[in-house]
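Working notes for the structure below.
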2 protein chains.
Amino acid sequence: MTAVSKPKRRTKAQQREEMLGQILDAAEYLFSLTGYHGVTIKDVAKQAETHTSLVHYYFTDKKALLDAVFARRAKISADLRVAALDAYERECGGKPSVEGALHAYLDTDLDTFGGGDDGWRNYATLGSQMAVTRWGGEYFDTHFYPVVLRLIDLLKRALPDCDEKRIFWGYNFVMGGLIMTLARTGRLDILSGGAATSEDFASAKKYMARFMAGGMLAICGDGETAG
Amino acid sequence: MTAVSKPKRRTKAQQREEMLGQILDAAEYLFSLTGYHGVTIKDVAKQAETHTSLVHYYFTDKKALLDAVFARRAKISADLRVAALDAYERECGGKPSVEGALHAYLDTDLDTFGGGDDGWRNYATLGSQMAVTRWGGEYFDTHFYPVVLRLIDLLKRALPDCDEKRIFWGYNFVMGGLIMTLARTGRLDILSGGAATSEDFASAKKYMARFMAGGMLAICGDGETAG
DNA sequence: ATTATCTATAGATCTATAGATAATGC
DNA sequence: ATTATCTATAGATCTATAGATAATGC
């Protein structure tokens with residue numbers, strides 16, 4: 001053995017970061033499968049190949065672990081959407097369209113969450129489950145409130161004659177479609193006999209913004225646009 | 001006291017039915033708040049004002065309790081949708097439209113789930129949470145598979161030139177909008193500052209089918225309808 | 001010296017059942 | 001007699017912490 005073998009010595013900072021990452025990945029994965037309440041700290045520790053006490057060493061309690069899992073990717077994902085909306089804002093020259101705004105927002109999310117990284121997919125699936133609960137709301141308000149308002153502002157400007165109420169209900173339907181997709185339940189595969197598959201975010205991206213723009217225009221774009 | 005007071009004697013069948021109802025209502029309500037895994041049998045017993053042992057007496061275990069909660073309203077809700085699709089089938093004279101089929105399906109659900117009955121609302125909210133999980137899929141396959149295929153069949157006939165894949169992705173978005181609405185998270189109220197509210201299923205019904213029909217036509221109705 | 005990791009365990013649940021009691025049924 | 005309800009508890013699990021050990025840091 002003349003060659004010096006790769007040193008196995010890791011700095012404490014490295015060790016810490018690696019183990020933190022392992023625990024967060026494990027929690028993210030398990031939470032995405034059975035939800036926050038369906039997972040124990042013991043499950044997480046086992047999945048991360050360590051001990052429950054170490055999970056408690058790095059995270060105060062189970063709630064703090066969820067907070068950390070959520071926060072790890074929240075800012076990155078929000079910033080990407082803000083950047084996409086900024087770019088679209090410049091590009092549209094003060095005249096945003098419904099489909100343009102939705103493409104900027106939704107396509108960015110589908111790229112971020114569906115880009116081949118299992119961690120991001122698990123995160124999205126966990127988020128989609130939290131998004132349909134009351135208790136999960138605080139997480140979205142805390143991390144995503146501003147970027148959501150940016151999207152809604154663009155939609156309002158694209159549909160200046162439309163009642164606010166319709167815009168918000170439309171937004172509700174848009175989010176539903178996104179969340180259903182990010183949930184990756186596999187039901188689409190079963191129902192369609194393979195013609196469509198839950199994991200195929202490229203197809204979702206191809207259809208989603210156009211679908212949602214068609215929907216928004218259907219309830220906002222015709223003669224009766226109030227009430 | 002000349003009048004005979006209302007007899008407090010209840011038959012065993014009555015007692016049984018009342019307590020079963022109380023337990024199912026309690027479980028339905030609590031499951032809708034924090035999900036199946038976020039609720040203990042003790043919580044359910046407390047909410048139903050009885051003891052855990054009685055919950056076990058009527059239901060083998062926690063899983064069987066969820067099965068019973070789900071099954072109690074599943075058939076009623078599925079049958080109502082089937083009836084609505086049957087009626088539409090007759091009415092359309094062999095020429096279904098996308099919006100007609102969606103009105104039959106979605107409006108029926110919004111009437112069923114939003115008709116002022118707390119139990120039905122809680123059931124819908126629980127269902128919406130289960131619908132975005134993998135483990136919840138079996139419940140939908142077991143109870144709703146046929147009626148979903150009926151809807152998809154109508155959509156296919158309304159869009160004979162459209163690629164199957166687009167139909168199924170469209171269906172995915174439709175279900176997302178419905179599920180997001182049934183979830184009643186209250187986020188709509190906060191985001192809109194009161195302009196729209198999660199509990200207002202009458203408004204949801206007013207916009208949903210039209211929105212979704214606009215979306216389906218946007219991805220299926222134009223020149224490029226394959227791939 | 002400091003920090004990461006592991007061992008051991010207290011104390012608090014939680015599920016499920018056995019067995020007693022109290023009501024209704026014939 | 002039969003069934004609904006309650007009491008008591010076993011046994012399993014879960015969260016969280018105290019304290020020991022093993023690694024890295026200067």
Side-chain angles (χ1 to χ4, degrees), chain A residues 4-70 72 126 135, chain B residues 4-70 72 126 135:
Chain A
V4 176
S5 67
K6 200 170 120 195
K8 271 167 190 168
R9 205 173 210 265
R10 295 177 304 168
T11 66
K12 292 205 167 176
Q14 277 175 329
Q15 267 193 76
R16 180 189 181 83
E17 210 177 343
E18 279 175 32
M19 186 48 83
L20 274 170
Q22 261 177 263
I23 294 171
L24 288 172
D25 288 347
E28 189 172 63
Y29 169 66
L30 294 175
F31 288 164
S32 81
L33 289 184
T34 41
Y36 171 66
H37 293 107
V39 177
T40 67
I41 292 179
K42 205 176 177 182
D43 294 334
V44 173
K46 194 180 175 188
Q47 177 77 18
E49 294 178 314
T50 183
H51 301 258
T52 59
S53 49
L54 201 62
V55 177
H56 278 103
Y57 173 70
Y58 283 117
F59 305 95
T60 315
D61 55 19
K62 199 181 160 190
K63 176 71 159 47
L65 176 59
L66 176 63
D67 291 352
V69 166
F70 200 94
R72 176 167 63 152
L126 166 61
W135 66 266
Chain B
V4 176
S5 67
K6 198 170 123 196
K8 271 166 191 170
R9 204 171 209 266
R10 295 178 303 169
T11 66
K12 292 207 166 175
Q14 276 175 331
Q15 266 192 77
R16 181 188 181 83
E17 210 176 343
E18 278 175 31
M19 185 50 81
L20 272 169
Q22 260 177 264
I23 293 171
L24 288 171
D25 288 348
E28 189 173 63
Y29 169 66
L30 294 175
F31 288 164
S32 82
L33 289 184
T34 41
Y36 171 66
H37 292 105
V39 177
T40 67
I41 291 178
K42 205 177 178 180
D43 295 333
V44 173
K46 194 181 175 186
Q47 177 76 20
E49 295 179 313
T50 183
H51 302 259
T52 60
S53 49
L54 201 62
V55 177
H56 278 104
Y57 173 70
Y58 283 117
F59 305 95
T60 316
D61 56 18
K62 199 181 161 190
K63 176 69 161 46
L65 176 58
L66 176 63
D67 292 352
V69 167
F70 200 94
R72 177 169 60 153
L126 166 61
W135 66 265

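Here is the naming used below: chain letters follow the sequence lines, and residue numbers restart at 1 for every chain.
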* **Heavy atoms from other residues, nucleotides or ligands near OH of B:Tyr29 exceed 12 (cutoff 6.0 Å)** =>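 Count not over threshold, so no.
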* Asked: Around atom CD of A:Glu17, are there more than 12 heavy atoms of other residues, nucleotides or ligands at under 6.0 Å?
  ->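 Result for CD/A:Glu17: open.
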Check the distance between [N]'s [atom2] and [X]'s [atom1] and give it to me in whole angstrom.
{"X": "A:Glu18", "N": "D:dT24", "atom1": "CD", "atom2": "C1'", "answer": "14 Å"}
{"X": "A:Lys46", "N": "D:dT13", "atom1": "NZ", "atom2": "P", "answer": "11 Å"}
{"X": "A:Leu20", "N": "C:dT3", "atom1": "CG", "atom2": "C1'", "answer": "13 Å"}
{"X": "B:Glu17", "N": "C:dT24", "atom1": "CD", "atom2": "P", "answer": "17 Å"}
{"X": "B:Gln14", "N": "D:dT2", "atom1": "CD", "atom2": "C1'", "answer": "17 Å"}
{"X": "B:Lys12", "N": "C:dT24", "atom1": "NZ", "atom2": "P", "answer": "8 Å"}

* Asked: If each of B:Lys63 and B:Ala13 is mapped to the nucleotide of DNA chain C with the nearest heavy atom, which maps nearer the 5' terminus, i.e. the 5' end?
  ->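 Nearer the 5' end of the strand: B:Lys63.
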* Asked: Does D:dC6 have a Watson-Crick or wobble mate here (both distances under 3.5 Å), and if so which one?
  ->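 The answer is C:dG19, by the H-bond criterion.
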* Asked: Who is the Watson-Crick or G-U wobble partner of C:dT24, with both distances under 3.5 Å?
  ->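 WC or wobble partner is D:dA1.
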Detail all sub-3.5 Å separations between protein N/O atoms and N/O atoms belonging to nucleotides 5-8 of chain D.
residue: D:dT5; atom: OP1; partner: B:Gln15; partner atom: OE1; Å: 3.2
residue: D:dT5; atom: OP2; partner: B:Tyr58; partner atom: OH; Å: 3.0
residue: D:dC6; atom: OP2; partner: B:Thr50; partner atom: OG1; Å: 3.2
residue: D:dT7; atom: O4; partner: B:Ser53; partner atom: OG; Å: 3.1

* **Atom of A:Ile23, atom of A:Leu54 and distance for their closest heavy-atom approach** =>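 That would be CD1-O, 4.4 Å.
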* Identify the two heavy atoms, one from B:Val44 and one from B:Ala26, that lie closest to each other, and give their separation to 0.1 Å. =>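 Taking every non-hydrogen atom into account, O-CB, 3.8 Å.
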Do [X] and [Y] have side chains that get closer than 4.5 Å, going by heavy atoms?
{"X": "A:Leu66", "Y": "A:Lys62", "result": "no"}
{"X": "A:Thr50", "Y": "A:Met19", "result": "yes"}
{"X": "B:Thr34", "Y": "B:Asp43", "result": "no"}

* Close approaches to DNA chain C from residues 30-45 of chain A, in residue order (heavy atom, under 4.0 Å) ->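 Heavy-atom cutoff 4.0 Å gives no residues at all.
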* Residues B:Asp67 and B:Arg72 bridged, charged N to O under 4.0 Å ->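 No.
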* Asked: Hey, does the side chain of A:Glu18 reach the backbone of A:Gln15 with a donor-acceptor pair shorter than 3.5 angstrom?
  ->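 Not a single qualifying donor-acceptor pair exists.
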